[in-house]
S.K.: 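Sharing a structure, written as structure tokens. Questions coming.
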Amino acid sequence: MADGTYDYDLFVIGAGSGGVRASRVAAGYGAKVAVAEEYRVGGTCVIRGCVPKKMLVYGAHFAEDLEDARNFGWTIDSPKFDWSVLRDNVLKDVDRLNGAYTSTLENYDVEIILERATLTGPHEITLGGGRTVTAKIILIATGARPHVPTFPGSDLGITSNEAFHLDALPPRILIAGGGYIANEFAGIFNQFGSKVTIVNRSDQLLRGYDSALRDRLLQISITKGIDFRFNAQFRSIEQTEDGCLKVSMTNHEDLVVDCVLFATGRVPNTEGLGLEHAGVAVGDHGEIVVDEYSKTNVGHIYAVGDVTNRVQLTPVAIREGQAFADTVFGDNPRTVDHGCIPSAVFSHPPLAAVGMTESEARNTYGPVKVYESDFRPMKNVLAGRNERSLYKMVCAETTGKILGIHMIGPESAEIMQAAAVAVKAGLTKEQFDQTVAIHPTMAEELVLLR
Ligand code: NDP
């Protein structure tokens, strides 16, 4: 398809979820495509995010499963956990996936360039090795990176990037932040036996989720032994003579730990990309500003995924990459619907949500009907685990249309994926009620809400 004016029809910067999908689909439509990646093909999700994190979540859950197994008749003598075995197996699987993503691109004849790429002109890209290439269309899919607040000693902390590679488990870990990553890693390290303290600048965990779920997670996490410090701003981190970290913060005593993990948000990767050479506009948070077709203010330059700071979720980036390729190379203009996106936090236990929280619904619609089920899953009852699940359905008062579903409890993310289809389709509470329960399950609570 290349017309000879440019080296490539499409040059993609960043081989993460969005970039890989866009490259593959555009190449499938016959475009001559190259993708540049400075780290590893697969991006955050595959290499140091969702995928390895979920494997650690599975690994961590065995701690409770082995405990709970006793009441189910199993005798398990002094189980031991070896971090290096799990870590190395996870990293091995990451290598496998990295290979699989690379093969997919190669099978579609996408040229993979393992170098950093920067824009040096509207159609010009300069690679880390010094080579300059040109492209008719450019897609920026450089993702985001962990934000680390700046204060004395903050460089002594790590981020989720490094958490997957730790030589040993820290006996005491301070996790900064109260969002997705903080709660997920708090659950993981706590199950592995580390003493976990979450330190957050506000008094809220998981801003954006329904308050009833957030309260339940907090209560369960405290019961499991995780400490919380709220309304704390960091002052400093100092390394002590014995190699520990002394953390000083407002409103609380100093805390001595072995590791500080920053989980304080992620910022779009736009620094040093040379956007100014092509005249690409960025927003207040450094994000690339795009329209509904993921097009920037420069007609032939597009951006998808976390770098646009729309919704920082892998499946969204993938859809944006697909829609971009269909639109620009498949003669099939498509946009991505960013409404009603289900999400989950893989905490212990996980929580999941789709649609509006109760307070969002009340602010938007006024009176709403809320149905709740607060129950102890059967497995927890027999295990002697006093941990309750909470399901919540928010409905429009007059029509009964479901505006949101919120769940915390075992397998809530798995259950939510199916429930989200119904919410997205605009079903009502009555239609849920007409569906016969599968008994005994936790999910049946969704069709039995009173
Ligand atoms: P989140 O946005 O979820 O949470 C950030 C936390 O850090 C908040 O508690 C916030 O506090 C705090 N914070 C933000 N800025 C600062 C600062 N300057 N100093 C101190 N504290 C600060 O970010 P994460 O890093 O946990 O995750 C990044 C994104 O990655 C998520 O938003 C999500 O989109 C995605 N992700 C998704 C996952 C999933 O789908 N399961 C898993 C992991 C990540 P406060 O709210 O009090 O202001």
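Atoms within each ligand, like the ligands themselves, are counted from 1 in listed order.
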S.K.: Name the residues with a heavy atom less than 4.0 Å from ligand 1?
M.R.: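 K53, H147, P149, G177, G178, G179, Y180, I181, E184, N200, R201, S202, R207, A263, T264, G265, R266, Q312, L313, A344, F346.
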
S.K.: Surrounding CD of E276 (heavy atoms of other residues, nucleotides or ligands, distance under 6.0 Å), is the total greater than 12?
M.R.: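 Yes, enclosed.
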
S.K.: Surrounding CG of D167 (heavy atoms of other residues, nucleotides or ligands, distance under 6.0 Å), is the total greater than 12?
M.R.: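 Counting neighbours around CG of D167, 12 or fewer heavy atoms of other residues, nucleotides or ligands fall under 6.0 Å, so no.
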
S.K.: Would you confirm whether the ring centroid of F185 sits within less than 6.0 angstrom of the ring centroid of F164?
M.R.: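 Between F164 and F185, the centre distance is under 6.0 Å.
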
S.K.: In residues 13-27, what donor-acceptor pairs under 3.5 Å come from side-chain atoms, sequence neighbours left out?
M.R.:
| residue | atom | partner | partner atom | Å |
| --- | --- | --- | --- | --- |
| R21 | NH1 | Q322 | OE1 | 2.8 |
| S23 | OG | G19 | O | 2.6 |

S.K.: Could you give all pairs that pass the ring pair (Phe, Tyr, Trp, His ring centres under 6.0 Å) test and reach residues 353-381, with sequence neighbours left out?
M.R.: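 Only F375-Y391 qualify under ring pair (Phe, Tyr, Trp, His ring centres under 6.0 Å).
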
S.K.: Please tabulate, for the side chains in residues 149-156, all donor-acceptor contacts under 3.5 angstrom to protein atoms that are two or more places apart in sequence or on a different chain.
M.R.:
| residue | atom | partner | partner atom | Å |
| --- | --- | --- | --- | --- |
| S154 | OG | P149 | O | 3.2 |
| S154 | OG | F151 | N | 3.4 |
| S154 | OG | F151 | O | 3.1 |

